[in-house]
Amino acid sequence: ILAWTTANAGKTVYGIEVELMALLSRLLTALPASAPDGTFLTVVDDNGRVWHQIGAGMVDQEETPVLSLSLSPALPHWQISVYRTSRELAGASTRGLVILSALLILTLVAAVITGGILLTRQAQRNYQDARRKTTFVSNVSHELKTPLTSIRMYAELLLGGRASDAARQRRYLEVITAEAQRLTRLVNNVLDFSRLEQGRKKYSPEELNVKAFLDQFADGNRMRVEAAGMTLTVESSPDPFLLYTDKDALEQILLNLIDNGIKYASDGKILTLRLDHSADQCSIAVLDRGPGISTRHQKRVFEKFHRVDDSLTTAQPLSLIHISEPTRR
C-alpha cells in the first residue's frame with residue numbers, strides 16, 4: 001500500500017496499492033538481457049535478498065560489489081549491484097590500485113621534499129634579511145649619533161666661552177647648523193623608509209619649474225659639496241620645463257645621490273646635475289667622476305640593504321635612497 005486517506009469521519013477508506021510482482025516484471029524488462037564479460041548484475045530488495053540476476057556468477061556475502069545503484073525513490077532501499085566473476089580482472093584491478101597508490105605516495109614524497117626545499121630557502125632569505133636589517137639598524141644608530149655628538153661638542157664649546165672671537169663662533173654655529181640639517185635628513189629618510197615598507201607613504205604632487213628647482217637645490221648644497229673638495233655645477237637649457245611631481249621626494253632623491261657622490265666619488269672632484277628635456281618629458285642625471293660600481297653589483301643597486309662589500313663602502317656610513325618617479329602634467 002503506497003497511500004491512503006479517510007472520509008466520513010473514518011467510515012470510508014480510500015487507498016492505492018501496487019502489486020510488487022507486476023512492478024518487478026516491468027522493471028526487469030528495462031534491464032539488459034546480458035552482462036558484460038567477467039561481470040554479473042543482481043537486483044536486491046530492501047531485505048538484502050537477490051530477486052533477479054543477470055549473468056553467471058555467485059554472490060559472496062563478503063565480496064563488495066564493483067558498483068551499486070539505488071532504485072529509490074521508485075523502490076526505496078532496493079538496488080542494482082555489479083560484481084566481477086573473473087579473478088584476472090580482479091587481479092588487474094588490484095595491480096592497478098597498487099600502481100596508483102605507489103604513484104600517489106611518490107607524488108606525496110615529492111611534494112614534501114619540494115615544500116621542505118622551498119621552506120628552507122625562505123628561511124634562509126628571512127635570516128639574511130633579518131641580518132641585513134640588524135646591520136642597517138646598527139649603522140643608522142651610528143649615523144644618528146655622529147651629528148648629535150658634533151652638535152653637542154660645538155654647543156659645549158660655545159657655552160663654555162672657548163670661542164672668544166666672532167669668526168670662530170660663526171664657524172661653530174655653521175657646523176651645528178650643518179649637522180642639524182644632516183640629522184634631519186637622516187631622520188626623514190628613516191621615517192620615509194618605514195612608511196614605504198608599510199605602504200603608508202603619501203605624496204603631494206605640485207607643478208614645479210625643474211630648472212629653477214635645480215638651481216635652488218645646487219645653491220643650497222654647494223657649500224657642503226665644496227667642503228668635500230668638490231665642485232657642484234648645473235647643466236640645462238635656459239628654457240623652463242614644468243613638471244607635476246612631489247618636490248620633497250625629488251629633493252630627497254637628489255640629496256641621497258649627492259651624499260653618495262661626496263662619500264664615494266670625492267676623488268673625482270666634480271659633481272654635475274644635468275637636466276635634459278623634450279616637449280613632454282625630462283630626465284635628471286647626477287654625474288660624478290668616481291670609481292663607479294662593478295658590473296656584478298649593478299643589478300643589485302636597488303636591492304634593500306645591499307652594499308658593495310669592499311673597503312670603499314664599508315668605510316663609509318650608510319644612507320637610504322628613496323626613489324620617486326616624476327610625471328609630466
Which heavy atom in Leu271 sits nearest to a heavy atom in Gly261, and how many Å separate them? CD2-CA, 4.1 Å

Would you call Asp259 and Arg224 a salt bridge, taking side-chain N to carboxylate O under 4.0 Å as the test? yes

Taking all atoms of both residues into account, what is the closest heavy-atom pair of Gln79 and Ser68, and its distance? OE1-CB, 4.1 Å

How close do Ile176 and Ala155 get, heavy atom to heavy atom, and via which atoms? CD1-N, 3.8 Å

Quick check for you: to the nearest 0.5 Å, what is the distance between Leu250 atom CG and Asp246 atom CG? 8.5 Å

Sequence neighbours excluded, which residues qualify as salt bridge (Lys or Arg N to Asp or Glu O under 4.0 Å) partners of Lys211? Asp215

Do Ile253 and Leu287 share a hydrophobic cluster, counting only Ile, Leu, Val, Met, Phe, Trp and Tyr and linking them when any side-chain heavy atoms are less than 4.5 Å apart? no

dist Leu183:CG -> Lys145:NZ (nearest 0.5 Å) comes out at 13.5 Å

Given side chains that start at C-beta, do those of Val13 and Thr5 come closer than 4.5 Å, heavy atoms only? no

Does Gln216 have more than 12 heavy atoms from other residues, nucleotides or ligands lying within 6.0 Å of its CD? no

Could you pull out the closest heavy-atom pair between His277 and Asp239, with the gap in Å? NE2-O, 3.7 Å

Are Ile262 and Ile270 co-members of a hydrophobic cluster defined by side-chain heavy atoms under 4.5 Å apart? no

Taking the side chain as every heavy atom from C-beta outward, state whether Leu275 and Glu235 have any pair of such atoms under 4.5 Å apart. no

Give, for atom CD of Gln124 and atom CG of Leu119, the distance between the pair rounded to the nearest 0.5 Å. 11.5 Å

Are the side chains of Pro205 and Thr245 in contact, using a 4.5 Å heavy-atom criterion? no

Does atom CE (Met223) have a neighbourhood of more than 12 heavy atoms from anything else shown, all under 6.0 Å? no

pair Ile258-Val225: side-chain heavy atoms closer than 4.5 Å: yes

Closest contact, heavy atoms only, Ser278 versus Phe241: O-CE1, 3.4 Å

Quick one: ring pair (Phe, Tyr, Trp, His ring centres under 6.0 Å) pairs with a partner in residues 204-237, sequence neighbours left out? none

Using the test salt bridge (Lys or Arg N to Asp or Glu O under 4.0 Å), find all partners of Arg131 that sit at least two apart in sequence or belong to another chain. none

Does Val50 belong to the same Ile/Leu/Val/Met/Phe/Trp/Tyr cluster as Tyr83, with side-chain heavy atoms less than 4.5 Å apart forming each link? no

Residues, nucleotides or ligands: over 12 heavy atoms within 6.0 Å of Arg121 CZ: no

In the single-linkage hydrophobic clustering (I, L, V, M, F, W, Y; side-chain heavy atoms under 4.5 Å), do Met153 and Tyr172 co-cluster? yes

Would you say the side-chain atoms of Asp276 pair up with the backbone N or O of Ser283, donor to acceptor, closer than 3.5 Å? no

Contact between Leu232 and Leu273 at the side-chain level, heavy atoms closer than 4.5 Å - yes or no? yes

Out of curiosity, Gln169 CD to Leu158 CG, how far, rounded to the nearest 0.5 Å? 6.5 Å

Are Leu214 and Leu208 connected into the same hydrophobic cluster when the rule is that any two of I, L, V, M, F, W, Y join if their side-chain heavy atoms are below 4.5 Å apart? yes

Any donor and acceptor pair, going by atom type alone, linking the side chain of Asn8 with main-chain N or O of Lys11 inside 3.5 Å? no

Electrostatic pair Glu251-Lys247, nearest N-O below 4.0 angstrom: no

State, without any angle test, whether Asn126 and Gln122 hold a side-chain donor-acceptor pair at a distance under 3.5 Å. yes

Quick one: does Leu243's side chain get under 4.5 Å of Cys282's, heavy atoms only? yes

Determine whether Thr272 and Val286 make a side-chain contact, defined as any pair of heavy atoms from C-beta on separated by less than 4.5 Å. no

Supply the atom-to-atom distance Thr177 OG1 to Arg170 CZ, rounded to the nearest 0.5 angstrom. 9.5 Å

Pairwise side-chain contact, Met230 with Glu226, heavy-atom cut-off 4.5 Å (strictly under): no

Can Leu242 and Asn209 be said to form a side chain to side chain contact (heavy atoms under 4.5 Å, CB included), step by step? CA-CA 5 Å; Leu242 299 180; Asn209 185 332; 4.2 Å; yes

Nearest heavy-atom neighbours spanning Glu179 and Ser150: CG-CB, 3.7 Å

For the CG atom of Leu173 and the CZ atom of Arg168, what is their distance to the nearest 0.5 Å? 13.0 Å

